[in-house]
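One structure is given below, encoded as structure tokens.
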Amino acid sequence: MLNRPLRIGTRGSPMALAQTGMVRDRIVAANPGLETELVVVTTVADKILDRPLSEIGGKGLFTKELEQALFAGEVDVAVHSMKDVETWLPDGLTIACILARDDPRDAFLSPHADGLSGLTAGARVGTSSLRRGAQVLMRRPDLRVVPLRGNANTRMRKLEAGECDATLLAIAGLERLGLESMARSVLSVEEMLPAVAQGALGIECRSDDAAIRDLLAPIACARTTIAVSAERALLAELDGSCRTPIAALAQIDGDTLRIDGLLFLPDGSRHWAASRQGPVAEAERIGREAGAALKAAAGDTYTRHLQ
């Protein structure tokens, strides 16, 4: 047990604060008597809201300042949505704990339709996600994908204001904010394959901080950790970032893990799919093999357009 409050670093968005509150409650429940302190850190992604992440540096913009606070000793842990965590962590830091995953699927929000199929030709789907945009255009090339940045509340306000006709958000995030009723439907993974690690929360700390890792161990979910490791291995094989439209989901049935992955051109005009399965104990190998299969299938197109 620490002899001082555990300092938990978080972004200041409503979503980040809600998620961090959930994580704090679980840490305290597993370590009765532990005091905590939330430390809000503003990231570049919170400051630049008028440009797609793919243009300003990718998913690391959600985590860089939090990682700097860890290195500086200003916080003991940082809470992240695992889908926002870069493929490779800085030396000296580790994801010490991944909590049980919430629903990884995407929610469809629109005042005009219950799903993509119900939108009229030319309707505008607002999203800053290359993955979502590519899958929308893959299934409905007659729709228009328009940029939509901001936190979940901001994007819903923009939808209500008529800046777009529909948008897509992670259902897990809506549930954490108590806004799941705003979704007109939840898209199946066959219609919209999720982002790598979507729905999973991770806790990052300094690699050599054994005391902190001990505090976090009781709330880690082995099943989610295995699935996320396979998905991130696929991403690593593709050198994936926010600049590359990639989707993947690993699911465990007994002792078997299956991973499904998709790689797209941003305009949805071409895509490549790969699936692999095998023993849970070989999750990372299975993920790497699926990623290698996607890269091989895309061939020169991957090298020229997607890296």
Side-chain angles (χ1 to χ4, degrees), residues 11-19 21-22 45-56 59 62 81 83-84 101-195 198-201 242 245-247 249 262 264-269 271:
R11 294 169 56 218
S13 71
M15 182 79 71
L17 292 172
Q19 294 175 167
M22 290 169 47
D46 299 310
K47 298 175 183 176
I48 303 177
L49 298 174
D50 59 348
R51 295 162 61 194
L53 290 176
S54 57
E55 293 181 3
I56 59 176
K59 61 176 67 179
F62 286 110
S81 292
K83 68 181 180 63
D84 295 332
R101 189 179 211 164
D102 294 317
D103 192 331
R105 296 176 296 170
D106 282 308
F108 178 85
L109 291 79
S110 173
H112 307 295
D114 291 332
L116 289 172
S117 63
L119 291 172
T120 58
R124 300 158 301 161
V125 180
T127 181
S128 60
S129 163
L130 293 179
R131 171 192 64 87
R132 288 175 177 139
Q135 290 189 80
V136 167
L137 294 173
M138 180 181 78
R139 302 192 180 283
R140 289 288 309 273
D142 59 316
L143 298 177
R144 292 169 53 204
V145 172
V146 297
L148 192 68
R149 280 289 314 279
N151 61 45
N153 302 78
T154 299
R155 281 180 274 176
M156 286 189 287
R157 284 197 297 271
K158 290 180 177 181
L159 175 64
E160 291 172 2
E163 293 189 24
C164 57
D165 300 302
T167 190
L168 300 161
L169 296 169
I171 187 61
L174 291 177
E175 289 173 346
R176 291 165 190 163
L177 290 170
L179 297 173
E180 61 270 24
S181 63
M182 301 298 293
R184 291 291 293 269
S185 64
V186 179
L187 303 182
S188 70
V189 297
E190 289 76 25
E191 187 173 8
M192 181 70 59
L193 196 64
Q198 185 160 299
L201 297 176
C242 276
I246 297 169
L249 180 65
L262 286 171
F264 312 85
L265 289 183
D267 65 1
S269 60
H271 71 278

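Nothing fancy with the numbering, it's 1 onward along the sequence.
The two residues Leu116 and Phe108 have their closest heavy-atom pair at N-CE1, 3.8 Å. Heavy-atom minimum distance, Gly199 versus Ala172: CA-CB, 4.1 Å. The two residues Asp106 and Arg132 come nearest to each other via the heavy atoms OD1-NH2, 2.7 Å. In terms of heavy atoms, Cys164 sits closest to Leu159 at O-CD1, 3.5 Å. Minimum interatomic distance between Ala247 and Gln135 (heavy atoms only, all atoms of both residues): CB-NE2, 4.0 Å. Contact detail for Pro194 and Pro104: the closest heavy-atom pair is CB-O, 3.3 Å.
The closest donor-acceptor contact from the side chain of Lys158 to the backbone of Arg149 lies under 3.5 Å. In this structure, the side chain of Arg139 engages the main chain of Glu191 through a donor-acceptor pair within 3.5 Å. In this structure, Ser185 contributes its side chain and Leu187 its backbone to no donor-acceptor pair below 3.5 Å. In terms of modelled atom types and a separation under 3.5 Å, the side chain of Ser13 and the main chain of Ala16 share a donor-acceptor contact.
In terms of the salt bridge (charged side-chain N to carboxylate O under 4.0 Å, His left out) criterion, residue partners of Asp114 (sequence neighbours excluded) are, by chain and number, Arg184. Residues satisfying the side-chain contact (heavy atoms from CB on, under 4.5 Å) test with Val186, not counting sequence neighbours, are Arg105, Ile171. Looking at residues two or more places apart in sequence or on another chain, you find a salt bridge (charged side-chain N to carboxylate O under 4.0 Å, His left out) between Arg176 and Asp102. With sequence neighbours left out, Arg140 forms a salt bridge (charged side-chain N to carboxylate O under 4.0 Å, His left out) with Asp142. Partners of Asp267 according to the side-chain hydrogen bond (donor to acceptor under 3.5 Å, both in side chains) rule, which considers only residues two or more places apart in sequence or in another chain, are Ser269.
Shown are Leu109, Asn151, Leu177; of these, the side-chain contact (heavy atoms from CB on, under 4.5 Å) with Met156 is made only by Leu109.
Distance check, rounded to the nearest 0.5 Å: CG of Leu143 to OG1 of Thr120 gives 8.0 Å. Ser129 OG to Leu168 CG: the interatomic distance, rounded to the nearest 0.5 Å, is 8.5 Å. Atom CG of Leu262 is separated from atom CG of Leu249 by 10.5 Å, given to the nearest 0.5 angstrom. Between Thr154 atom OG1 and Leu148 atom CG the span is 9.0 Å, to the nearest 0.5 Å. How far CZ of Arg101 is from CG of Leu201: 11.0 Å, rounded to the nearest 0.5 Å.
Pairs engaging residues 160-175 under the side chain to side chain donor-acceptor pair (under 3.5 Å) rule: Arg124-Asp165 [sequence neighbours left out].
At a threshold of 4.5 Å between non-hydrogen side-chain atoms, the residues Val136 and Thr127 do not count as touching. Side-chain atoms of Pro266 and Pro245, non-hydrogen and from C-beta on, do get closer than 4.5 Å to each other. Asn153 has its side chain within reach of Leu179: a pair of non-hydrogen atoms, C-beta onward, lies under 4.5 Å apart.
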Give the C-alpha distance, both sets of side-chain angles, the deciding distance and a yes or no for side-chain hydrogen bond (donor to acceptor under 3.5 Å, both in side chains) between Gln198 and Arg131.
CA-CA 12 Å; Gln198 185 160 299; Arg131 171 192 64 87; 3.3 Å; yes
